[in-house]
Amino acid sequence: MHDIYNFVSGPLVWVSFIIFFGGSLYRLISMAVLAKKKDVIVYEYMSLKYGLRSILHWITPFGTVKWRKNPILTIVTFTFHICLIFIPIFLSAHIILWKESWDISWWYISDTTADVLAVVVIASCVFFLIRRIVLPEVKYLTSVSDYIILAIVAAPFITGFWTYHQWPGFKIMGIIHILSGEIMLAAIPCTRLIHMVFFPFTRGYMGSEFGAVRHAKDW
Amino acid sequence: MHNIGTWDWETGKRLIADTGKWKDMFDWVEEPYVSPDGERIVAVVKTGEMEYSVCENDTPWESTFDKVWYLRFGPDNRLTALVSSTGAWTVAVDGAAWENTFDFVWNTKFGADGKNITVAAQKDMEYFAVTNDIPWETRFSALSNLTISHDGKRVAGVAPTVKIKQGDIFIFQEGCYSAVVDGKPWDVNFVNVWDLAFSHDGEHVAAEVRTSLYDYTIAVDGVLWDKIYTSVWMPQFSPSNGSVTAPVRIAGKWTLAQDGKLFWDRSFAQLWHHMYSPDGKKIAAVVAPKYGRWTIAVNGIPWSLTFGDLVTDAVFSPDGNRVACIGKEGGKWTIAVDGKAWGEKYDMVWQPVFSPDSKKVAAKAEKNGRYTIVIDGKPIKESYEALWNPVFSPDSEKILIKGIEGNPDGGKYFRQVLPLTDVTG
Amino acid sequence: MAEPAIKRSDESNKIVDEGIDKGIARLTPKKIEQVINKVLAAETGARLKTYVGTCVHCGLCSEACHYYLSHDNDPKFSPAGKVKQTIWEILKKKGKVDQKFIRDASRIAYTECNLCRRCAMYCPFGIDIAYLISIVRRLCHMLGVTPLYQQDTAHSHSATLNQMWVKEDEWTDSLFWQEEEAQDEIPDLRIPVEKEGAEIFYSVIAPEPKFRAQLIYQAAVIMNVAGVDFTMPATPGWDNSDLCMFTGDYEVMGRLKKAHFETAMRLKVKRIVMGECGHAFRSVYDVGNRWLAWKMPPIPVTHAVEFYYELLKEGRIKIAEKYDKPVTFQDPCNIVRGRGLHDKARYVVDALCEEFIEMHPNREHNYCCCAGGGVINAGPPYKMKRIEGNKIKAEQLFAAKTRGAKVVIAPCHNCHGGLEDIIHHFGLDMELHFLGDIIYKIMEKPV
Amino acid sequence: MGKRTLIIYMVITLLVCIFAVMSGYSQEDVTTVEDSAFEEKMRPTVQFLHDEHNEAAEIEEECNVCHHVYEEGKKVEDESSEETECSECHTLNKGDNPLSLVKVYHLQCKGCHQKKKAGPIMCSECHPR
């Protein structure tokens, strides 16, 4: 157990962070280089002002017609994405690990808060799963990989929750929790989870074309 | 321009016509045209109910027509108009109509000395060219891209050579068009034929062609280059050795090819309107060295000066050592010569003109609705209500200015010869 | 009248289109693979890769699409659904797709998407689905699998530089003819042909001289009354339309735009004003010019809606009596999502009409007419499919009608064609006009 | 120093003394890890059977393996600090992050466990529900 723990909480963390940062950076740079070579117009029409204008509308809950038309989805999507990023960064247990390893720390949330938010994330994942299965227009687009990606995202929260509450097998679950977190980080640059990294660019470009060239709104 | 030495180059200003009065003389006066030598000013005018004519230097032609359009002066200062009487169209040269009439005529073209006048014509839904009142013997179901040789003796166009019904896309794709030279089509068909170019001696014709929906190349006298490209623009013959060059598109970039082989060693986001210096030693072209930036490249080397909106109307100096063009940036127009832009910006500028000694450049320019002549970047003092391109004297010491002074209602047309020392100091 | 009747023909997939069928017959899987991979390698890059890699298959774009809404939310008609059936599969199989696949891809890309770009406003990532479908069209063009009528239009463009096989003399003659007709009403009216140095080059699409010559007549009256210094060319380049942009023949698209802008340069005009056409605006404003490396149109282009706005705002045309029938307004994708002219259009409508009733949704969010993007040009075989593919538009119009609208104003030829069929088919019994029709009718004219 | 602060300090000192005395009394049967500096507990108290642990770890005679004394950054070999609360040396100064003390405890326990590959190392192993 010690060996496994030390492995997943040591070298594998490094590996996952390297893949996450290195991979994301690679995806970004290769996109930029390819665009310079083949899609030069992206650079020509990209506008900071109009790109940000569009991005701001889209990252504001109910800031677009689309968000307003689908209130439940909007609430779930926003809380899900916020929690997804918020919990791992501000969870005290994670910060203690940062403190132990690097002697750095920051503000954290109480475990009870984290517990509630984790339930929100898990519930959101269930919501997305049900959407995928039940809504025909989503089901039609869904492939196995979409379920796998959803599982990758849900896993750290389910296993974290499990471990925290010390349900049966929680020690193994703790290991799985760490592992699943690492898998998720590493999966970001390698799967459609890259949407997190690409969002500012795709939205920003569309916002630029709509705003700076076509003088119209894209929200 | 032809026989320029015989024109009146006496310094001074001469009133040619009181065009302001024309509005009182006629119900209808169209925009005026001026002969190259500046001696005649003309406009289409209405002389009666459904009766039109041409007013020339305050006097209308005796002949009248149902409709008159496309007043054009030839290089020899003769005036042509496209006229119709009782539904029959023809060409009137200095008021005298050709004998042949047609269902429609258009696109008047002149040879270098003005002797040969050609128009496109349609009669009974058949299409052909007519030169000096002599129509082609062969007729086609359409005719486009009318092109004449340097001396105007030979005429080419693009015409369908296979009968094709609208909607028959597969027959179209087998090739139904060809170039037609003096009424005789090449014996090979293409999917499309576009711009044509005559060799300097008028013996050969080169054309942009598409041999399938995807394969573009150049055909010379009906013979294809052995290379295909994803697109091409208008070819040109070298005046010195008769080779043919054309802008070609390879892997999304444009470069210049000669007789099917790469000629320039660099490529551009765009390259078109290439032209030879009079001695044939240099080639200049309008290019976009990068997306959205425009300039002139001479022998493949672009100027460092670029414009964002457009570059057009490039012209070589007579000695072939200089190039001038129109450039537009941020909605404002100017002239650039040898990579340097004139300081002043205008609402519009016209194609620049070199002096015969290649030392001076002049252009017509418009600012706030008034026109002036700008010489080497400096405007002359006067501005005009209407103005035509300036002409340098053969000794390059004087400039001919043709302009209407005063407001349009009280306008007077003057022909003025100025010594360049006067205007430029 | 009750709710618009739904008449669905399931025959739409069995439509016989010689252009597509004969095109398919010439293909082999090997040729397909070869062409696809060549085109993808040469012409696509970061955008395609990023869009495909970013799409999380969330389905949020679905409700943007009028085809999806009109087909009872059939996911095959959702924007991403169409992408899934085409470019995803092509990329997944690395071009190893068969003839049947290409047949379906061609049908989807040319006749089940109008490239209206509404979905870009419903995808949180701003994925340009119209761009992805355009890639499919490009592939189909390169494979020679295009709807017959559309392809014939593309051929006309290539041979005549206009959309309707209008010959050089026919064009100029039709201008003379309209000038003469209009002189019966305004004796000194002129359509100045080839007037170098005019302020404006007025450009139109070929269906105007061919079928709707009264539009040239009306425009001439408006121009003359407003005292606009304009001209029209007597050479190819007069037509601003561009179906090659929609078939995927970008080389000819570029040739057309070159001719159009160079005609403007030759005439030394300050700007181009174009008639009430949407797709042509797209092609001169941000598609065709780009292929030629002009970042923005080298000579500015003003759409008719904006031009009317200027004329009314500056008081150059006066309204004798406002149009008294209640009107609603169709926001065309290419000048609203494509140029943000919705507010100026409303200014014009308010200036012209007594009563204006909004459609919902409107402005950038208006539903597509289902005719643009080349779909109406795919011709009679697809007419019913196109009409049934826009039941939602009938419902939208009907809702405006129940609130009193009797007239639909559509300042775009494709919208006009599409709405005409919808109004007729669903028995909506509404009048349909261009803005120019109304201006011409109610403006002050010299007696 | 304000009166209020003074009172708080005095109370704390008093509490610490009481605690120290009491812990002295209960030295023989320590079952948890306690430190008066942890005013508000984020996780349940760590169960720790002192003698059993030391027996298992074979450090019954070497108190200063855990109860170490450092002088000038060097561990003093023959001194130990059983009578001192960890937080006395590993002081939490005003404004200090309480995690600093947590970190010390964690490194002391978990660090050793990891080194020896024995004993609990994961959160919930020590902080049970």
Side-chain angles (χ1 to χ4, degrees), chain A residues 27 30-42 44-45 54-55 58-59 64-67 69-70 73 77 128 131-132 135-143 145-146 149 191-199 201-211 213-219, chain C residues 41-64 68 73-81 83-85 88 92 117 120-128 282 285-286 290 293 295-296 334-343 361 363-365:
Chain A
R27 290 289 302 266
S30 64
M31 173 180 76
V33 169
L34 188 60
K36 192 93 212 165
K37 212 168 101 188
K38 307 272 278 292
D39 298 88
V40 66
I41 66 157
V42 172
E44 293 289 336
Y45 299 96
S54 174
I55 290 169
W58 281 94
I59 61 169
T64 68
V65 169
K66 177 72 208 176
W67 293 142
K69 283 180 89 173
N70 304 269
L73 178 98
T77 303
F128 291 138
R131 242 186 123 248
R132 279 218 180 279
L135 295 187
E137 76 270 26
V138 192
K139 187 169 190 212
Y140 184 69
L141 300 174
T142 299
S143 53
S145 64
D146 292 298
I149 289 172
T191 64
R192 283 190 295 279
L193 291 175
I194 193 73
H195 71 259
M196 152 191 160
V197 178
F198 282 164
F199 168 78
F201 299 95
T202 54
R203 183 84 259 164
Y205 174 62
M206 190 46 83
S208 304
E209 287 277 17
F210 264 76
V213 180
R214 303 183 198 140
H215 310 285
K217 297 185 292 192
D218 64 335
W219 57 84
Chain C
E43 299 178 15
T44 66
R47 275 186 295 168
L48 175 61
K49 217 172 153 186
T50 306
Y51 286 151
V52 171
T54 301
C55 175
V56 290
H57 307 173
C58 66
L60 293 186
C61 54
S62 308
E63 64 173 321
Y68 170 83
N73 298 357
D74 182 344
K76 284 200 212 61
F77 289 94
S78 79
V83 173
K84 175 193 157 93
Q85 294 169 78
W88 283 359
K92 207 163 86 188
R117 303 194 272 216
M121 307 197 317
Y122 288 74
C123 167
F125 299 100
I127 292 173
D128 192 348
R282 179 197 195 118
Y285 186 69
D286 64 3
R290 292 185 180 187
K295 189 172 171 182
M296 292 305 282
N334 285 316
I335 62 163
V336 169
R337 278 190 285 283
R339 187 57 181 77
L341 291 185
H342 41 279
D343 289 331
R363 295 179 168 82
E364 285 102 332
H365 289 272

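Heavy atoms closer than 4.5 Å to chain C are found in the side chain of Trp58(A), but not in its backbone. For Lys139(A), no part lies near chain C; criterion is any non-hydrogen pair under 4.5 Å. Neither the backbone nor the side chain of Ala293(C) comes within less than 4.5 Å of any heavy atom in chain A. Of the atoms belonging to Phe128(A), not a single heavy atom falls under 4.5 Å from chain C. At a 4.5 Å heavy-atom cutoff, the contact between Val213(A) and chain C is made by backbone and side-chain atoms alike. Within the 4.5 angstrom heavy-atom criterion, no atom of Leu193(A) approaches chain C. Residue Ile335(C) does not touch chain A at all, counting heavy-atom pairs closer than 4.5 Å. Interface remark: Asp286(C) contributes side-chain atoms only to the contact with chain A (heavy atom separation under 4.5 Å). Only the backbone of Val336(C) comes within less than 4.5 Å of a heavy atom of chain A; no side-chain atom from C-beta onward does. In this structure, chain A has a heavy atom under 4.5 Å from the backbone of Ala42(C), while its side chain stays farther away. Heavy-atom distances place the side chain of Phe210(A), and not its backbone, under 4.5 Å from chain C.
Counting heavy-atom pairs closer than 4.5 Å to chain C, the top residue among Gly207(A), Ala32(A), Ala216(A) is Ala216(A). By number of non-hydrogen pairs under 4.5 angstrom with chain C, the leading residue of Ile194(A), Thr191(A), Asp146(A) is Asp146(A). Counting heavy-atom pairs closer than 4.5 Å to chain A, the top-ranked of the candidates Pro124(C), Ser62(C), Gly338(C) is Pro124(C). For the set Ala64(C), Cys61(C), Ala120(C), the entry with the most heavy-atom pairs within less than 4.5 Å of chain A is Ala120(C). Ranked by non-hydrogen atom pairs under 4.5 Å with chain A, the options Glu43(C), Gln85(C), Glu63(C) are led by Glu63(C). When each of Met196(A), Lys37(A), Glu209(A) is scored by its heavy-atom pairs under 4.5 Å with chain C, the top score falls to Glu209(A). With respect to chain C, the highest number of heavy-atom pairs below 4.5 Å among Asp39(A), Val138(A), Asp218(A), Val197(A) belongs to Asp39(A). Interface check for chain A: of the options Lys84(C), Arg290(C), Lys295(C), the most heavy-atom pairs under 4.5 Å are formed by Arg290(C). Per-residue heavy-atom pair counts under 4.5 Å with chain C were compared for Ile41(A), Thr142(A), Val33(A), and the maximum is reached by Ile41(A). For chain A, the option among Arg363(C), His342(C), Arg337(C) with the highest count of heavy-atom pairs below 4.5 Å is Arg337(C). Chain A forms more heavy-atom pairs under 4.5 Å with one residue of His365(C), Met296(C), Lys49(C) than with any other, namely His365(C). Of all the listed residues (Leu135(A), Asn70(A), Ile59(A)), the one sharing the greatest number of non-hydrogen pairs under 4.5 Å with chain C is Asn70(A).
Within the 3.5 Å criterion, the main-chain N or O of Lys217(A) finds a donor-acceptor partner in the side chain of Glu364(C). Side chain of Arg47(C) to backbone of Ala35(A): no donor-acceptor contact under 3.5 angstrom is found.
Arg132(A) CZ to Cys58(C) SG: the interatomic distance, rounded to the nearest 0.5 Å, is 7.5 Å. To the nearest 0.5 Å, atom CZ of residue Phe198(A) and atom OH of residue Tyr51(C) are 12.0 Å apart. With values rounded to the nearest 0.5 angstrom, Asp128(C) atom CG is found 11.0 Å from Thr202(A) atom OG1.
When all heavy atoms are compared, the tightest approach of Arg339(C) to His215(A) is NH1-CD2, 3.1 Å. When all heavy atoms are compared, the tightest approach of Val52(C) to Arg192(A) is O-CD, 4.4 Å.
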Side chain to side chain contact (heavy atoms under 4.5 Å, CB included) for Arg117(C) and Arg214(A)? Distances and angles first, verdict last.
CA-CA 12 Å; Arg117(C) 303 194 272 216; Arg214(A) 303 183 198 140; 3.1 Å; yes
What do the steps show when you test Val65(A) against Tyr122(C) for side chain to side chain contact (heavy atoms under 4.5 Å, CB included), and what is the final call?
CA-CA 8 Å; Val65(A) 169; Tyr122(C) 288 74; 3.9 Å; yes
Can Val56(C) and Ile149(A) be said to form a side chain to side chain contact (heavy atoms under 4.5 Å, CB included), step by step?
CA-CA 10 Å; Val56(C) 290; Ile149(A) 289 172; over 6 Å; no
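Taking a 6.0 Å sphere around NZ of Lys76(C), one finds it holds 12 or fewer heavy atoms contributed by other residues, nucleotides or ligands.
Among the candidates Thr54(C), Thr50(C), Ile127(C), the single residue satisfying the side-chain contact (heavy atoms from CB on, under 4.5 Å) test with His195(A) is Thr54(C).
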